[in-house]
Novice: 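Sharing a structure here in structure tokens format.
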Amino acid sequence: MVPAGGYLLVSALLFSLGVMGVLLRRSAIVMFMCVEMMLNAVNLSLVAFSRLLGDPTGQVLVFFVMCVAAAEVSVGLALVIALFRNRESIDVDQIRLLRG
Amino acid sequence: MMPQWTPYLVGLPLLGFLLSGLLGLLWPRYRRWEIGIGVLAVSVVALAFLLALGLFVGLPQEELPLRVVLYQWIASGDFAAPIAFRLDTLSLWMTLIVTGVGALIHLYSIGYMRGDAGYWRYFAYLNLFIAAMLLLVLADNLLLLFLGWEGVGLCSYLLIGHWYADREKAFAARKAFVVNRIGDFAFLIGLLWLFREVGSLDLGVVLDRAGAIESTALGAIGMLLFLGATGKSAQIPLYVWLPDAMAGPTPVSALIHAATMVTAGVYLLARLSPLYVLSPGVLGLIALIGALTALLAATMALVQTDIKKVLAYSTISQLGLMFLGAGVGAFSAAIFHVFTHAFSKALLFLGAGSVIHALEGEQDIRRMGGLSRHMPLTYCTFLLGALALAGLPPLAGFFSKDMMLTAALGSGHEVLWFLGLVSSLLTTLYMGRLLVLVFHGAPRAPAVSRAHEAPAVMRLPLVGLAVGAVAAGWIGWPDLLGHGAWNWIGRWLSDSTADLEHGLSLGLEALSIALSVTVAVGGLWMAFRLWGRAGLEADHMLQRRLGGLYALWQSGYRVEAIYERLFVRPLLQGSAAPLRWSERYIAGGLIGLASRSAFFIGSGIRRLQTGLLSLYALVMLIGALGLLAWFLWRSL
């Protein structure tokens, strides 16, 4: 039996990796994947707490997060494809038309 | 007839105004439907007249005055101003004059304004004019009266400037507005002062408590209100707008001079007569101003060459006589003269309009003459109107003028009575001159031979008004005949006006009447001899004989020039510097500062919007961490 602290540690590591990825990488696809990673890090900690406290609410919440993530990915990927068709690039630093 | 119908008297013309105005504004095709516009405008005023007639017949004199409250308009602390109408003998009589003569002028306008581009606008304003005047006359509250007072001023501005594309006419409209505004300012101060003294502006309360006001305050209030009346009724010193007001279409002049607008001042004096009789000094001043106005305007009328200007100065002169009448305490006689003068003056103006119409816009009497052969009906009616105005018995003008003059003599103002008599003589002279130069003699312009009678819709009002000009005086026979038993109008109006009794012996009254008859007949005879023989030469002969005096009359006693030097030019020059200053520092400076500071702040903040996605994400992260830190710190 792995102690709960282990799950939380992995979750925190995954979340931090995701944040770093979103901040530092410039490819839209990779940024997306990092956002997904952050979501799944949260999912992991939710499941761990659910197990620890014996309350299934946390696991139900994970299903919701996965659903929303799936919907979000479909919209996001469609945007990325549209972007690539127009600009031949998915480098977010070069897409800055909306600036003051 | 129920008194509850009273609001419709004002409402009907107002409805006509709204319908004509809105339909004309929103639906361009309606503007060309002249029959529809004209019939609508005439019928609302005619209906109002029938309504007034119904009220006049249906309400016994003993039941008056009545008060009809529509709703509470303003209620603030102690002050309350309801929309309330007062039905008494005075307001009912004025309503009959306004709607009756007004309806005939509306009818005449259908023919006169045919083909005018602003037809719908004209009739809309004409209806509004009647509505405002009825509001003024019927108001039970001085604030509501002031609303009508201002409305009348506005309508006169709009209608005098009907052909606003012509600069001269637009300026004339502006002059009328500004000069009236000076009087209105005094009027408003008078109203506020009156409110401070009495604590209410309801007519009933004001007239009841007039005796309790301290006499200096009462005199000042009376003076201020009288100054307002001189503006509306074109008396010295504010008469200068009326001759210029001839720039409007001729039926508008008829409306302003006969039914609406200028009668407002006389009405105000009669309405507040219980207040005025308490300050004899103010009354004396009113009489003096009236007599002087009557005399000076009559001399100016004698030398005018524009047919409408003659009539304009004649109106000022007649209004002067009404003020003289009011000033000597014969308020009901003044209103009686409003009534008889309305018929003859409207008739003269509409006749002049027909002449101008027939001569394709010619207004100079030096280029007329001999029109009686071409326009017999216009000639006959114009003749009756002129004789009635000149005060020839038994036509209408004689009775009312005589009533005022005997009152002036009876109240001991012999000098003013004499001035009134002299202006009556001058009236007969300029009316005779006008009549002869326009209609008699040989034509002095080729256009005269092409002149023709106006269409039936314009002839009908002439006939109607001519009947009035002949018979309107027969409701007020002098005391000499029947000891006042035949003076119906005096008994009717004195319910509402506080006439001063004058103890004039029958012998003196007979003398006064005999003198005015002599003056009327003699003056007309003189005028017909002078101008009938020599025509325009008579003018030149007068000019040679009178020399400087004639030139003074022609220049209108240089009043216009004096006003120009004294008020207009200093005002324009004095306001030039503040205008430049405010343009530069207020419009240019302050407003520029506001716009520039918004621009400056924006140019700083816009740098935050970089378009860099990762920067936004970083800011979000910092924000989220900050929130987290805040909550953790709080829970500690």
Side-chain angles (χ1 to χ4, degrees), chain A residues 8-9 11-46 49 65 68-69 72-73 75-100, chain B residues 21-22 25-28 164 574-636:
Chain A
L8 291 182
L9 192 65
S11 166
L13 273 175
L14 277 176
F15 191 85
S16 305
L17 270 175
V19 169
M20 299 310 281
V22 169
L23 289 182
L24 299 178
R25 298 301 293 265
R26 295 189 302 178
S27 161
I29 295 270
V30 176
M31 284 172 79
F32 243 123
M33 285 157 62
C34 291
V35 171
E36 291 305 309
M37 192 145 72
M38 284 156 73
L39 285 174
N40 278 312
V42 175
N43 280 350
L44 183 60
S45 56
L46 278 174
F49 277 120
V65 172
V68 172
E72 175 243 317
V73 162
V75 174
L77 282 179
L79 280 175
V80 170
I81 288 168
L83 198 64
F84 186 75
R85 282 190 182 154
N86 275 309
R87 308 283 299 248
E88 298 276 320
S89 154
I90 49 169
D91 186 344
V92 289
D93 280 4
Q94 285 174 19
I95 306 160
R96 41 187 303 196
L97 282 174
L98 282 176
R99 68 171 187 271
Chain B
L22 285 178
L25 212 57
L26 302 175
W27 188 19
Y164 54 81
S575 52
L579 178 71
R580 266 200 309 278
W581 186 85
S582 71
E583 270 297 314
R584 188 146 158 204
Y585 294 105
I586 296 188
L590 271 181
I591 295 168
L593 185 70
S595 79
R596 243 172 286 151
S597 62
F599 187 80
F600 177 74
I601 294 169
S603 71
I605 291 177
R606 65 201 277 260
R607 276 160 224 267
L608 292 176
Q609 197 83 10
T610 57
L612 275 176
L613 215 50
S614 32
L615 187 65
Y616 297 166
L618 184 64
V619 173
M620 266 169 73
L621 180 69
I622 293 169
L625 287 177
L627 276 179
L628 195 64
W630 164 252
F631 281 119
L632 282 177
W633 181 76
R634 278 225 338 195
S635 63
L636 280 180

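Each chain gets a letter, A, B and so on, in the order the sequences are listed, and its residues count up from 1.
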Novice: What residues of residues 618-636 of chain B make heavy-atom contacts with chain A at a cutoff under 4.5 angstrom?
Specialist: B/L618, B/L621
Novice: Using a cut-off of under 4.5 Å for heavy-atom pairs, which of B/I605, B/L608, B/L613, B/L612 has the most such pairs with chain A?
Specialist: B/L612
Novice: If contact means a heavy atom pair closer than 4.5 Å, which residues of residues 20-37 of chain A contact chain B?
Specialist: A/V22, A/L23, A/M31
